[in-house]
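Every value quoted in this text rests on a predicted model; they were computed, and no experiment measured them.
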Amino acid sequence: GRDSSGFHFSMKDAFSLGMEPDGVVLVNGPQGISGIPHDSTFIIGVVLVLLTLFIVLRLINSRDGRAIQSIRDNRIAAESVGINVTKYKLMAFSVSAALAGVGGVLYAHNLSTLSATPKNFGYNMSIMILVYVVLGGIGSVTGSIIGSLLINGGQEWLRFLDEPLTVAGVNIPLFRPGFRMVIYSLLLMVVVLFWRRGIMGTSEFTWNGLFGLFKRKKKKKPQTGGEA
């Protein structure tokens, strides 16, 4: 809480804060934080995503980023060549925590009341974020973006499977609420089985690579000898 003398902190309850009568409780414990202004917009979200991509890509292509990648691939080999493993692990944790905090602030300004409930911050949310990375490709920034777009878009594209289907006056019992998630889970299993390293693996999206998929190599015509 906060009053005229400053901030107060307690892990027990609001009565243990010891504030003055004009004090205001900022965090209401399990009741969550209320009165958050709705300042989150689509433009702000896009700007923060672009800023995050810029920071992450600059880090990956820097000396520190290459050291972090070497630790990811083989910690013992990286330590044997003189890389400070503890330092770069703390750096990676600090940068990721800061970027996650920016996302949390944007998420909080999209709600009127923020509370740690299983619906918002439950086990399924943690697994979903992990699936983003695994499906897109561990070690690929663009793969994580593609994975998040496919997962969130796939849930909406398959929504018609939750609607009852009637063919020639006969109700098909297969299509019912929840069937969408069954098909969605099967599709994820197929992708993981056939693309174990994810869709992108450790590769990154480049315009040259995209154009190379549609560009056909011209076959060289065999040279024929002259007439005798």
Side-chain angles (χ1 to χ4, degrees), residues 1-2 6-14 17 23-60 65 68 72 89-159 162 177-178 180-181 184-185 187-188 191-192 198-200 204-205:
R2 182 182 62 183
F7 290 94
H8 299 260
F9 179 79
S10 174
M11 295 290 293
K12 188 177 180 181
D13 52 29
L17 292 173
V24 178
V25 178
L26 300 178
V27 181
N28 296 322
Q31 298 179 0
I33 305 174
S34 59
I36 303 175
H38 290 273
D39 295 333
S40 177
T41 61
F42 178 77
I43 297 177
I44 295 177
V46 172
V47 171
L48 290 179
V49 168
L50 295 177
L51 180 62
T52 301
L53 290 177
F54 175 77
I55 295 174
V56 172
L57 293 176
R58 290 287 295 177
L59 176 62
I60 291 175
I68 293 173
R72 178 199 63 188
K89 280 188 175 182
L90 288 175
M91 179 184 295
F93 177 79
S94 301
V95 173
S96 60
L99 296 176
V102 172
V105 171
L106 184 67
Y107 181 75
H109 282 274
N110 193 37
L111 302 174
S112 58
T113 301
L114 183 64
S115 58
T117 60
K119 181 180 179 181
N120 296 332
F121 304 99
Y123 178 77
N124 293 330
M125 177 62 71
S126 302
I127 295 299
M128 188 63 67
I129 296 175
L130 180 62
V131 172
Y132 291 160
V133 180
V134 175
L135 179 63
I138 299 178
S140 175
V141 177
T142 53
S144 300
I145 298 174
I146 294 173
S148 62
L149 292 176
L150 289 177
I151 290 176
N152 291 286
Q155 293 181 359
E156 298 300 325
W157 296 334
L158 298 176
R159 190 171 294 276
D162 289 343
R180 167 176 60 101
M181 299 306 298
Y184 176 72
S185 302
L187 292 176
L188 287 180
V191 172
V192 172
I199 297 175
M200 297 294 293
E204 296 291 347
F205 172 82

- Task: Report the distance from atom OG1 of T52 to atom CG of L57, rounding to the nearest 0.5 Å.
- Result: 10.5 Å
- Message: Rounded to the nearest 0.5 Å, what separates atom OG1 in T41 from atom CG in N110?
- Response: 10.0 Å
Tell me which donor-acceptor pairs under 3.5 Å the side chains of residues 130-140 have, and how far apart each pair is, sequence neighbours excluded?
unit_1 : atom_1 : unit_2 : atom_2 : d
Y132   : OH     : N152   : OD1    : 3.4
Y132   : OH     : N152   : ND2    : 3.1
S140   : OG     : T142   : OG1    : 3.3
S140   : OG     : G143   : N      : 3.0
S140   : OG     : S203   : O      : 2.5

Tabulate below the donor-acceptor pairs under 3.5 Å that side-chain atoms of residues 93-101 make, not counting sequence neighbours, or state none.
unit_1 : atom_1 : unit_2 : atom_2 : d
S94    : OG     : L90    : O      : 2.7
S96    : OG     : A92    : O      : 2.9
S96    : OG     : F93    : O      : 2.9

- Heavy atoms from other residues, nucleotides or ligands near CG of L50 exceed 12 (cutoff 6.0 Å): yes
- Item | side chain to side chain contact (heavy atoms under 4.5 Å, CB included) involving L48 - partner list, sequence neighbours excluded | I44, V102, L106
